[in-house]
Number of protein chains: 2
Amino acid sequence: MKNKITLKELAKLLNVSISTVSKALNDSPEISTKTAERVKELAKLHNYRPNPVAVNLKSSKSGTIGVIIPNISNSFFARVLSGIEAEAQRAGLQVITYISNEKLEREKQICDMLTTGYVDGVLIAVAEETQRKKEFDHLYQLVDYGIPVVLYDRINFDIPADRIGIDDVGTFADVTRRLLAKGIKKIGIATTIHHMGVGKLRIDGYKQALPENRTFYIANSARPEVLKEKTEKMLVVDKVEAVICTDYVSTMRVYRTAYEHEINIPKDLKVIGFIGKEFANFLTPSISYIDQFPEEMGAGAMQLLEARLNNYNKDKSNSERILKTSLVDLESTRF
Amino acid sequence: MKNKITLKELAKLLNVSISTVSKALNDSPEISTKTAERVKELAKLHNYRPNPVAVNLKSSKSGTIGVIIPNISNSFFARVLSGIEAEAQRAGLQVITYISNEKLEREKQICDMLTTGYVDGVLIAVAEETQRKKEFDHLYQLVDYGIPVVLYDRINFDIPADRIGIDDVGTFADVTRRLLAKGIKKIGIATTIHHMGVGKLRIDGYKQALPENRTFYIANSARPEVLKEKTEKMLVVDKVEAVICTDYVSTMRVYRTAYEHEINIPKDLKVIGFIGKEFANFLTPSISYIDQFPEEMGAGAMQLLEARLNNYNKDKSNSERILKTSLVDLESTRF
DNA sequence: CTGAAAGCGCTTACAG
DNA sequence: CTGAAAGCGCTTACAG
């Protein structure tokens with residue numbers, strides 16, 4: 001068990017003061033080139049690294065940021081995390097990961113812990129339960145504590161924080177219009193997240209794009225059995241010609257239901273999914289999907305946070321960044 | 001921007017010394033009940049929380065552990081992380097996440113950073129490139145530095161560390177035997193990880209289970225086009241009756257290839273995948289899969305690390321924990 | 001150019 | 001039972 005060498009030990013070996021060693025290593029102009037070289041050489045020899053905890057204590061920074069993820073099994077969030085990590089690495093920051101499992105209680109605990117000074121800033125996608133119960137006190141608490149907060153993905157809340165996400169309404173309106181333009185009349189939407197902000201917006205986009213008096217077909221439930229029933233009704237009874245899905249689970253549900261009822265995709269049913277390319281390309285048939293570039297969202301969120309960290313007091317107004325999405329055409333919408 | 005209250009300020013408000021406040025809050029028996037109560041009351045009122053950085057500096061611990069993940073988009077690792085996070089939370093530890101992207105260079109950087117004292121321990125699934133190049137110096141370096149290391153999932157290396165994984169040989173031998181028992185003769189295996197330890201073991205298990213002189217059918221490549229070709233040969237030319245897959249990508253490849261060549265699953269081809277339940281149940285048809293309980297692996301890895309952290313010097317021998325796997329029968333293996 | 005001193009926020013042996 | 005002091009490993013204004 002090798003022990004890490006400290007400034008003090010280095011100073012003793014060099015017969016100079018701790019201050020001198022510290023300054024030399026930090027390239028202070030106060031120090032003579034000669035001394036600086038001696039110090040650096042020995043430091044290198046012993047593979048000296050400043051103890052980050054001590055540095056943090058001095059600077060009252062932690063050099064880490066906290067990321068709150070609602071559900072890491074969702075590959076979207078996993079990929080967002082990947083983008084965050086890459087950007088944090090570039091900025092020399094450590095990423096502490098917290099998983100809320102979509103639970104308000106857990107999210108509160110996490111925020112509580114974050115106010116104690118573990119992190120310099122927080123990236124969060126607000127948990128489903130939190131949105132449903134509209135309880136945001138713990139988030140305000142973070143902000144009041146002076147901890148910069150950036151909302152990602154789930155951003156339509158009235159909280160004074162920077163945010164990054166996609167144009168949910170626009171994206172879904174656009175996709176709906178594309179189907180209409182191809183002459184498809186009966187278009188349905190499937191969702192398991194209709195009670196969440198993003199879900200509502202996506203449904204809104206769908207509705208806005210449909211012509212007046214056109215019937216809406218909506219299969220919405222977070223409960224698997226209910227979603228299944230509603231999807232079956234939409235596909236088998238209502239016989240929609242196309243379905244747009246707002247999330248992973250509803251996308252897969254539509255696929256399964258079509259399969260079970262021997263409805264041919266894309267001949268009898270076009271499907272546009274909201275899933276990642278790592279699934280979309282492999283499904284049978286492959287599925288056209290809306291790409292929301294998760295890694296970019298993560299990197300962007302991190303950049304917003306960095307901007308805050310670097311001049312927190314200068315700019316009080318909150319910024320919002322909306323990322324472009326892209327519809328990728330695969331087999332499930334072929335004509 | 002509320003400023004956090006410190007021990008010093010608390011002491012001043014109470015007209016006692018900093019030591020007294022500290023002891024009172026830490027339930028030292030030295031302090032009178034009366035004083036302790038006064039202190040605690042005020043601390044509560046001001047929502048006092050000890051600065052973790054200062055505590056860490058005193059204790060020479062960081063209260064955080066590092067998790068190195070090769071590829072977070074792989075839902076297996078995402079779920080492992082979920083298990084780690086849950087267990088860490090229980091133990092009051094913070095989890096810093098690092099993503100190696102299967103790269104040796106990045107893994108080295110991470111290990112380098114970890115030796116500076118950011119974390120008390122490390123959980124790692126060794127990157128693919130690292131395994132291929134057999135360069136483990138950076139891992140030895142961690143161990144030499146006295147940082148407890150736990151290997152998870154990818155565990156067949158000669159590194160003095162605790163480890164947790166599955167019985168790859170046994171699992172694949174068992175699955176192969178099950179197919180044989182149903183009277184299936186031509187069994188193939190598809191893999192994109194044949195150059196990795198776990199991949200080799202899984203293929204070994206498959207080979208061991210087949211009777212003498214039985215032909216092996218192996219579609220192995222990490223390159224998508226090559227894998228596709230080999231899979232096509234296996235399904236179309238060799239006409240195997242069943243395929244066992246060692247990983248997510250090969251599983252999806254087999255599905256796609258069967259679909260493209262109109263090979264009916266399960267009538268003409270049985271498939272056993274190595275993917276998570278979140279995909280398996282939704283595919284069309286649903287796919288029988290080997291469940292390796294990722295969350296349990298994560299929690300188990302964390303527990304091994306906790307054990308190390310709590311008595312690092314007492315027990316020098318390394319422990320290994322092998323988790324049970326389970327074959328879940330769904331539509332792709334129906335007779 | 002170098003070093004002594006103060007201080008970041010805590011804990012804990014030691015003295016009283 | 002309470003408090004002064006030392007110290008964890010650094011940085012940095014200040015003195016020389």
* Asked: Which whole number of Å gives the distance between the P atom of C/dG7 and that of D/dA4?
  ->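 Per the computed distance, 16 Å lies between those P atoms.
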
* To do: Could you measure between the two P atoms, the one in C/dT2 and the one in D/dG9, and give it in whole Å?
  =>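 Taking atom P in both C/dT2 and D/dG9, they lie 25 Å apart.
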
Can you tell me if [X] touches the phosphate of [N], counting only side-chain N or O atoms and a distance under 4.0 Å to OP1 or OP2?
X     : N     : answer
B/Y48 : C/dG9 : no
A/S32 : C/dT2 : yes
A/S17 : C/dG3 : yes

* **Base D/dA4 to side chain B/S19, donor-acceptor N/O within 3.5 Å cut-off** =>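 When only heavy-atom distances are counted, B/S19 does reach the base of D/dA4 through a donor-acceptor pair under 3.5 Å.
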
* Under 3.5 Å, is there an N or O donor on one side and an acceptor on the other linking the side chain of B/K58 and the base of D/dG7? -> yes

* To do: Identify, between B/N26 and A/T33, the residue whose nearest nucleotide on DNA chain C lies closer to the 5' end.
  =>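 Nearest nucleotide further toward 5': that of A/T33.
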
Are [X] and [Y] ion-paired here, with the side-chain N under 4.0 Å from a carboxylate O?
X      : Y     : answer
A/E37  : A/K34 : no
B/R90  : B/E87 : yes
B/R106 : A/E85 : yes

Euclidean distance, atom [atom1] of residue [X] to atom [atom2] of [N] [Å, nearest integer]:
X     : N      : atom1 : atom2 : answer
B/L10 : D/dG3  : CG    : P     : 14 Å
B/E30 : C/dG16 : CD    : P     : 15 Å
B/L7  : C/dG9  : CG    : P     : 10 Å
B/N51 : C/dC10 : CG    : P     : 5 Å
B/L25 : C/dT11 : CG    : C1'   : 12 Å
A/D27 : D/dT11 : CG    : C1'   : 15 Å

* Scan B/V16 against the nucleic acid and name what it touches under 4.0 Å (heavy atoms): base, sugar-phosphate only, or nothing. => sugar-phosphate

Choose from [options] the nucleotide whose nearest atom is closest to any side-chain atom of [X].
X     : options               : answer
A/T35 : D/dG9, C/dC1, D/dT12  : C/dC1
A/K23 : D/dT11, D/dT2, C/dA4  : C/dA4
A/S22 : D/dC10, D/dT11, C/dG9 : D/dT11

* To do: Between B/S59 and B/I18, just flag the one whose closest nucleotide in DNA chain D comes earlier from the 5' side.
  =>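 Its nearest nucleotide lies further toward 5', so the answer is B/I18.
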
* To do: Would you please test B/T20 and B/S17 for side-chain hydrogen bond (donor to acceptor under 3.5 Å, both in side chains) and show each step?
  => CA-CA 5 Å; B/T20 302; B/S17 73; 2.9 Å; yes

* **Assigned partner base of D/dA15, Watson-Crick or wobble definition, under 3.5 Å** =>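 Its partner is C/dT2.
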
* To do: Fit a plane to each ring of A/F136 and A/F157, take the angle between them on a 0 to 90° scale, and name the class: parallel (under 30°), tilted (30 to 60°) or perpendicular (over 60°).
  =>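 Rings of A/F136 and A/F157: tilted, as their planes differ by 30° to 60°.
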
